[in-house]
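Shown next, in structure tokens, is the structure this report addresses.
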Number of protein chains: 2
Amino acid sequence: MTKEEVIKEYRLREILAAARRVMARYAMQGTTIDRVAEEAGVAKGTIYLYFSSKDDLVHAAVLEGLREMMAETIRSDDPTMAPLERIRNLILSQYRIEASNQDFLKTLIIGNSLDIELEGAPGREFMRVYSDFLNFIASVLQSAIDRGALRPIDPLFAAFMLGEMITGSLRRRLLKLASSPLEADADAVVELFLKGIQVIPCA
Amino acid sequence: MTKEEVIKEYRLREILAAARRVMARYAMQGTTIDRVAEEAGVAKGTIYLYFSSKDDLVHAAVLEGLREMMAETIRSDDPTMAPLERIRNLILSQYRIEASNQDFLKTLIIGNSLDIELEGAPGREFMRVYSDFLNFIASVLQSAIDRGALRPIDPLFAAFMLGEMITGSLRRRLLKLASSPLEADADAVVELFLKGIQVIPCA
DNA sequence: CAGTCAACTGAACGTACAGTCAGTCTAGGC
DNA sequence: GCCTAGACTGACTGTACGTTCAGTTGACTG
């Protein structure tokens, strides 16, 4: 990589990071090119040297954020753990990761959000990244099923619902409907996901 | 109520209904006062006789939509049912209701969404309505706990998570990640909520 | 040191809308 | 049948913001 390429790469990162900070601070509506340019310390026009449009920039920034979070979750996986422990560990990790990105996530899961067309290149890109992640979680669940630790539930369904439960639990915090410590919250999700709410009958 | 009041009330309903149709069709970004006016068959200025701003209109329309759906769920409740049957019935009802409003909900749960400040009058109004609903669901769960059908879980937590699971399941459909028949989907949520995914050990 | 070129700048442009208001219409009272 | 109040209209205004592009900068070359 030449020196110029390094600088360009650095600028790109800087603009993406600035975009995410602006999104976290001003929500989607308040995210303007002017603000991102100011935050990144570049002129408005410069942004258009790196991104073809505002949508392009926003999509890239969000995608990057999600990708990082998913990668971090996957990195925290330890395949040598016992199945249930492994799942519990993944849930706690993702919970922690989502919580530490809550300013960024806030603009995605409460208040205003993305304007994305499911059909269309960016939408498909999102779905591809997300599906990869779901497949990873599903494979972990599947291996637990194979080992007899889980009921033979559809692993993709369970993976999706698990994500929704974690995000939902975070949303509950952001809506100020929960004030319990983070760990207690995460444990409650683990418990609910594994055991449900019904009184456990004798199998 | 005088004749004029009846007419004004009718206009108000018409504008709110038009706003919801426009939201469902064009998503939040594409919802303009011009479009709502055209859809309602009134002039732009007329809308400002009934609502003080675009935000005011949008908030009122969304609130009305949510209120109706919640009321319909509550109406479907039958307190004489056995606890688990009663919960199952509520889940299936809400699932059906959400599914039949999916065009409207789509703009709220995927793609772009509301720009609402949690503090501030509209935000507090939303939370009040939503909390009422959660309290209702929680009371149903509590009565099942009292009867020994459910584990002694925090009922407000469970009520919230249940809502997230149902909405999440609908989101999965909207994202085209599920194509199973609606009933099968709803049943899977019931099952997951009640029993979790773990193999049921002998109590 | 002059010349070249790509990166960068930010004033200016165009547009899409929210919101306004002078004017029109109509129903009901006198 | 005229008058008035207030509901309604829609052309117009103001503005915020995405996008552009003519000009500037500065690093490298010969």
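In the text below, chain A, chain B and the rest are named by the order of the sequence lines, each starting its count at 1.
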- Message: Out of the candidates L57(B), V42(B), L16(B), only one should pair with V36(B) under the side chain to side chain contact (heavy atoms under 4.5 Å, CB included) rule; please name it.
- Response: L57(B)

- Within 45° of the six-membered ring axis of Y26(A) and under 6.0 Å from that ring's centre, is NZ or CZ of R35(A) located there? yes

- Item | Atom pair distance, as rounded to whole Å: CD1 in I47(B) and P in dC21(C) | 18 Å

Hey, what are the protein-to-nucleotides 18-21 of chain D N/O distances that come in under 3.5 Å?
from, atom 1, to, atom 2, distance (Å)
dG18(D), OP1, K54(A), NZ, 2.8
dG18(D), OP2, I33(A), N, 2.9
dG18(D), N7, K44(A), NZ, 3.3
dT19(D), OP2, Y48(A), OH, 2.7
dT19(D), OP2, K54(A), N, 2.7
dT19(D), O4, K44(A), NZ, 2.7

- In terms of heavy-atom contacts, A158(B) and L141(B) come closest through CB-CD1, 3.7 Å

- Item | Y50(B) vs dA7(D): side-chain N/O to OP1/OP2 distance below 4.0 Å | no

- Message: A quick test of your reading: do over 12 heavy atoms of other residues, nucleotides or ligands sit less than 6.0 Å from CD of E38(A)?
- Response: no

- Note on the structure: Here the distance between atom C1' of dG10(C) and atom CD of E38(A), to the nearest Å, is 13 Å

- Message: For the residue pair E98(B) / Q94(B), report whether a side-chain donor-acceptor contact shorter than 3.5 Å exists.
- Response: yes

- D55(A)-S53(A) side chain donor-acceptor pair, cut-off 3.5 Å: no

- Query: Checking T167(B) side chain against E164(B) main chain: does a donor-acceptor pair fall under 3.5 Å?
  - Reply: no

- Item | Rounded distance (Å) that lies between atom P of dA7(C) and atom CD of E9(A) | 14 Å

- Integer-rounded Å distance: dC8(D) P and E14(B) CD: 10 Å

- Message: Would you say T32(B) and D34(B) are linked by a side-chain donor-acceptor pair, where the criterion is simply a distance under 3.5 Å?
- Response: no

- Figure out the CG/P separation between L57(B) and dG19(C), and round it to whole Å. 10 Å

- Query: Could you give the CD-to-P distance, from Q29(B) to dC17(D), as a whole number of Å?
  - Reply: 13 Å

- Among the candidates dG10(C), dT9(D), dC8(C), find the nucleotide nearest to the side-chain atoms of R11(A). dC8(C)

- Item | Distance-only donor-acceptor check, side chains N89(A) and E85(A), under 3.5 Å | no

- Message: Below 4.0 angstrom, which residues in residues 16-25 of chain A have at least one non-hydrogen atom near DNA chain D?
- Response: none

- Rounded to the nearest Å, what distance is computed from the OH atom of residue Y26(B) to the P atom of nucleotide dC17(C)? 12 Å

